[in-house]
Each structure stands twice: as structure tokens, then as C-alpha cells.
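Here is the structure we will look at.
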2 protein chains.
Amino acid sequence: MSEKTTIYDIAKELNISAATVSRALNNNPKISESTIKLVMDTAAKMNYKQNRLAAALRSGKSGNIGVIVPRINTNFFGSVIRGIEEELHPNKYNVIICQTHEDENREIENINTLLDAQVDGIMISITNESKKNEKIIHRVLEKNVPLIFFDRKKNIDGVSSITIDDFKAGYIATKHLIDQGCKKIAHLCGDQSLEIYENRFKGYQKALLDSAIPFDNKYVIHSKSNIEDGIAATNKLLQLTPPPDAIFSASDFAALGAIQELKAHGIQIPEDFCVVGFGNEPFTKFMELSISTIDQSPLEMGKMTAKVFLEQMNNTEDFKMEKKIVLNPILHIRKSSSRNDL
Amino acid sequence: MSEKTTIYDIAKELNISAATVSRALNNNPKISESTIKLVMDTAAKMNYKQNRLAAALRSGKSGNIGVIVPRINTNFFGSVIRGIEEELHPNKYNVIICQTHEDENREIENINTLLDAQVDGIMISITNESKKNEKIIHRVLEKNVPLIFFDRKKNIDGVSSITIDDFKAGYIATKHLIDQGCKKIAHLCGDQSLEIYENRFKGYQKALLDSAIPFDNKYVIHSKSNIEDGIAATNKLLQLTPPPDAIFSASDFAALGAIQELKAHGIQIPEDFCVVGFGNEPFTKFMELSISTIDQSPLEMGKMTAKVFLEQMNNTEDFKMEKKIVLNPILHIRKSSSRNDL
DNA sequence: TACGTTTGTGTAATCGATTGCATGATTTGA
DNA sequence: TCAAATCATGCAATCGATTACACAAACGTA
């Protein structure tokens, strides 16, 4: 009834050996055309489905790859995963997803789980730069399991990564604000132990420097990626003398909080104050006062990550391949920073 | 060097049989305490990691479950998957994700892929009600692979499902508009071959009926879940005589399009026109003119789905279990429909 | 002392597909 | 006509963990 047919069933049916069936199903050139056809037809007739677990055990390839992200229900990570899945699907790989919730212990646990499950590769956006997970990363490499970083990476020799140019992103966002005539530009920065936020910050500083605007540390406020932190940070900034006249936020959510607070203070945007966010979250476009922001091309990032993985898998040469791909950030200029009526 | 240790390596090291090692690692009560301790310690020392593929092949349980959704980079599906993952993770299941892009052939292919991969269960939000995928669903059931529907289901005996009460959602949304004094309420409905949209529509009709408001089919416009369709539909509606004074949209995105178009026509919201959307997309809350909408508790839905799956897995009794869980929709009243200054 | 239990381990089969090596059949060439 | 080459297929081991069954040792009881 619901019993699954194996190659042995087919073999018995045709009075041949299971080995021949296996080879026929894999189009092995050693097998005669007629036998191949016969086996194929019988397999179809008997509704044969390969048990990939068995093949996986034998070959050591599970056909699964693991993707580790802080969380999946955000536009950014959801889109990256979508890109990865769409690229790997035609290549017969399944995508297993894990969440870390920014917890490095969880990250280590996830990596171990994926290794136990014999995944053929791991794609990860790490939680932070702590040394704690350095060890496990090396364990992965020792096992020769392809590892690829996307967005949040570590600098480890021999490991490929797909990121965006966060420095440039910070630079063009800040430069844009300067071009709008802003003189005192504040920055809501993220966790500086993460390279991405560090680079956005550096880009911001460099843009100021290039325009001969003095950098002032009091205009830099650390805030997490949420509305509340954006509000709190803006409150602090408005109490300074002089207060800033623009904000480059490393997060769209913090930017949104900033805008809400600025409005609450009766400040006109963009006339009196400009804001640029980061991430191109869907809502930034939909608001009546649409928010200028940096697009990270997450779908593209996911596809690239998958492509690099496939390339490494197909690399039969006897050398390690390391590819560092840096995507170009795209500034979307919207109302929150458009003084020139674009 | 990077060779993985197996139970045979441990067995050889301790001069015992692999069977004993296996039993010890699984805390089999037949094995003496001292041996268990010895094996455990040696396993740790030799950095042993179970090869789950081998265990999976033997036991027929892969430890993976498949989740099929139209796409993952939306707030709704992303959140459902998050809920599923969080609930299954502690139970040592991995989550494999597949996307259908609303294509039923892709759906069938995904199910086959998951079956081939020997997943221990499938959770799916189907693309539509066509008969085409009926057959494959039954194939899954015949194979005794637990199958659970979430959000978009089919009515099939013996299959559990977790949904929200779309009828009630349509009802309370419409009733709310009526309570705001709206008399001519239009409905932007979705694909009526999907039960969810059909029920929202029915709830809308029932609310009208209960308030003795005549149902008028010309106020019902079919539109997909995107801004453009919302704009187009609203345009059509505004050309009617008399035009409606409210819209209940089965999608937040269409509602957003509607609002944009209403504004373009200089119509005051909520004074002259009220709008209620569906889905509680993040942007609905963030807009200056925040959008009233129905929350579907996607995280909760995901967790419930996983719980029902676990319950079925742990059900050792000799009977089939069918559980139909219907979550309560929550109306979030926001500015787009608040005439009473809430 | 003799026999039935209990306890702890080992042997070997099993899950299903793959593959190196062996073998028998057929063809080629001299 | 026979050796060599080619071709198609079978045998059996393998991947690593699990488990039914067998069995020896230790223990208890009459």
C-alpha cells in the first residue's frame, strides 16, 4: 500500500541486480540503452522515489545547506534568504534556516546542529565580532564544510563573503546631507563591534572630513535598530547646543523614531532638518514623508551568496578559493532629505 | 586530522562493541552506569559527533520538517516561519523552507522534493484551491507524513490546520466601518478561489446584512495584494455614482494604494472616507496616517502549527488526530478609520 | 547444588543507494 | 580459430548508527 519502492523492488521485478538499477537510474554509460529505458519505465510505473538519506549517507552529501541569520522575519534577512533559496532550488539543494537572535551561544549551537546534520555548506550572517565564535568557525573550516559570510562577516583567510560597501554607503549618505546644505550632521550608529556599523560610521566621518566639516563626537549616538532608540537618541541630540540639523541613521527604524520625535518637536522636515536612514525597509517608501535610505540589495546579496557557494562546490581543482564580493550601496533620495524638490 | 570519529572508533578505543557505544550514547538503561560514563567521556575526548544521516536512514526519521510558503520575504510568512522555527528548534528539528511563488506546479515540485528528502512533516500554506494539487496532498497522507495547513488550507479529512477566523475578521472590520457612520462600504477582495479571501468577503457581507445595509456588488472589486491594484480599484470606485465612503481591503498593500489614490483626489481620511486593511503589515502602524487593519498573529500561528505537529508526532496511540485551530483576528483601529478620535 | 532471573554486552542484520572489482558475453582483429 | 578487447552486469563492501536476538556472567532462591 503506502510502502515505498526501493531499487531492490525494481531489481526483483526485472530480475536484475540492484546495482544495475542504481546505475541505470543514474544514466551510467556502462549500462545499455535498452536496460536504462526498461529501468526508467519500471521505476516510473512503480512510483519509485529515491531515498536521498541513503544516497546522502553513502556520498556524504546531504543536499542541504544551512543559513544562519539573527532572525528571519525582517525585510532584509527575509529577502536574502529568498535570494539564496531561489538560486539553490534549481540546483537541488534544500535550505535549512536557523536563527540566533543575536545570541552567540545560539550561534555556536546552530553551527553544531548544522554540522551534525551533515549540511553541504553554511551561509551565515554573524551576530558580532566576539572571539567566542572564532573557534567554531575554524572547526567548520577544518571539516572542509564550505562557509560563506553575507552582510556581517569576519575576516578569516580562505573564507568568501558577500557584503555591501558600508563605508561607501555611510559616505554617500552623509555627502548627500552635506549637499543639501546640512552643517551639523548627527549619526545614530549601531553596535561598533560589528564591522558593518563601524564602516558606516567611518564613511560618515570621511565624508565630513572631505567637506571640511569638523567631526564632533557628541553628535554620535549609539542606538539599536528600533523606533524607541531613535526617539531617545533624537531627544538627546535636540538638547545639545547647537543641536544638529541632520541625522544619518544606521538603521531605518531608528530613523523613523527620529522623524517622529522631530515632528513632535515641531521641526520641519526636510526644511529645517534632514534625515537619511539605512536598509530601505518597505515602510520608508510608503510614508507620506518618505524616508531617504540606503538600499542593500538583499535579494541580490542572497543570490550572490548562493552563486559563490555553487562555484566553490563545483571547483574540483586542488586549491582553495576565496572570493570577497562587495555590492554597491544605492542611495534612495526621498522626501526626508530632499530640499531641492526632486 | 579532520576525520570524523564514529562509534566504531570509540568502540575500538575502549575495546567494546559499537553496539554498546551506541546504546551508551543513547542512555540505554541496559548499559551499566560505569560504561555509560566511560563512553560519554571518551566520546567527548575524541570529539565525537553523531552522524544524523546514518541515524536518519536507520530510523526513517530525518529530523527535518519542510515548510512551504508562497514567498518568505513578507512580514506575514516570515513571522510564521519564525514562530515555527522557534518552537521546533528546542525539539531538535531543522526547518527546510520552500517557496512556491503562487505557482501550483512549483508547489507540487516542492512537496515531492521534501518527500524525497524524507522530511518528518510538512507545513504548508497552499497557493490556491485548484484540484491539481489535491492528488499530491493525498500522496503525502498515504505516506503517513504528517501534513499541516496554516493560513491557507484545504478541507481534507484528517488534516490539521491553523488559521485565523477570516469570516469574523471581515465581519468586525466591516462592522467597525459601519460604526464609524460609513454607509457605502466597498470591498477590495482577493482571489476568491482561496478560502481566506472568500471568508473575508462573506464576513463583510454578513456585517452589512446585520446592519441592514444593502449589499451592492458594484462595490466589490477584485484586486491583488499590491499598491497598484489598490490604486486602480479605488479609481474605479470613485467613478461610481454614488461613490463609496469606505473601503475594507483584504490586503494592507491594496489599502495603502487606496489611501494614496484617495489623497490624490483630495478626499479627507477619515473624515470623508474610512479605510481598513488586512494583515497588520509594519508600515500600517508607522504611517503618519496610520492604517486600521486586522492582525493575524503570524508568530502565534507559526508556534501553534509547530505545536500541533509535535503533538501529532508524540501521539503513539493508534488513531489519527485532526485538529482545526482557528485563531482570533484582532482589529487594530488607527487613524484611517477613527472618526471618534480614539 | 541446581535452576531461574536479571544484567550487561556482543553478533549480525538492517536502513537504501552507490561503486570497485570480478565475471561472463560478445565483438574485434590477426 | 583463438586471444584480446570491449561491453554489460552481478557480487559484495560501504556509508554510520540502531536494534532484535543471543549469550555469558552474576545473583537469588529453594
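Order of the sequence lines sets the chain letters (A, B, ...), proteins ahead of strands, with each chain counted from 1. All values derive from a computational prediction rather than experimental measurement.
Counting to the nearest Å, the P atom of D:dC15 and the CD atom of A:Gln118 are 14 Å from each other. Rounded to an integer number of Å, the gap from CG of A:Asn27 to P of C:dA17 is 16 Å. One atom, CD1 of A:Ile31, and another, C1' of C:dA17, lie 14 Å apart when rounded to the nearest Å. In this structure, A:Leu115 atom CG and D:dG16 atom P are separated by 15 Å, rounded to whole Å. Rounded to whole Å, the distance from NZ on B:Lys12 to P on D:dG16 is 12 Å. A straight line from CG of A:Asn26 to P of D:dT9 spans 15 Å, rounded to a whole angstrom. Counting to the nearest Å, the C1' atom of C:dG10 and the CG atom of B:Leu14 are 15 Å from each other. The nearest whole Å value for the distance from the CG atom in A:Asn51 to the C1' atom in C:dG16 is 6 Å.
Using a 4.0 Å cut-off, no side-chain N or O of A:Thr35 falls inside it from OP1 or OP2 of D:dA8. Here A:Gln50 reaches the OP1 or OP2 of C:dT18: one of its side-chain N or O atoms lies under 4.0 Å away. Phosphate contact (OP1/OP2 of C:dT9, side-chain N/O of B:Ser32, threshold under 4.0 Å): present. At the phosphate of D:dT18, neither OP1 nor OP2 sits under 4.0 Å from any side-chain N or O atom of B:Tyr8.
Across all strands, A:Ser59 comes closer than 4.0 Å to no nucleic acid atom at all (heavy-atom distances). Within the nucleic acid shown, A:Ile16 comes within 4.0 Å of sugar-phosphate atoms alone, with no base atom in reach, counting heavy atoms only. Using a 4.0 Å heavy-atom distance criterion, A:Ser22 is classed as a base contact. Residue B:Ser17 is classed as a base contact, given a heavy-atom separation below 4.0 Å to a base.
Taking 4.0 Å as the cut-off between side-chain N and carboxylate O, A:Arg82 and A:Glu86 count as a salt-bridged pair. Look at A:Glu33 and A:Lys37 and you find no salt bridge, because none of the NZ, NE, NH1 or NH2 atoms lies under 4.0 Å from a carboxylate O.
Mapping A:Leu57 and B:Lys30 onto DNA chain C via the closest heavy atom, the residue that lands nearer the 5' end is B:Lys30. Projected onto DNA chain D by closest heavy-atom contact, A:Asn15 and B:Ala55 fall at different nucleotides, the more 5' of which corresponds to A:Asn15.
No hydrogens or angles were tested; on distance alone, a donor-acceptor pair under 3.5 Å links the side chain of A:Arg23 to the base of C:dG20.
The OG atom of A:Ser17 sits 6.5 Å away from the CZ atom of A:Arg23 when rounded to the nearest 0.5 Å.
Defined by atom type and a distance below 3.5 Å, a donor-acceptor pair is present between the side-chain atoms of B:Asn155 and B:Lys153.
In terms of heavy-atom proximity, A:Asn133 sits nearest to A:Glu107 at ND2-OE2, 2.5 Å.
Which of D:dT14, D:dC11, C:dT9 sits closest to the side chain of A:Ala19 comes down to D:dC11.
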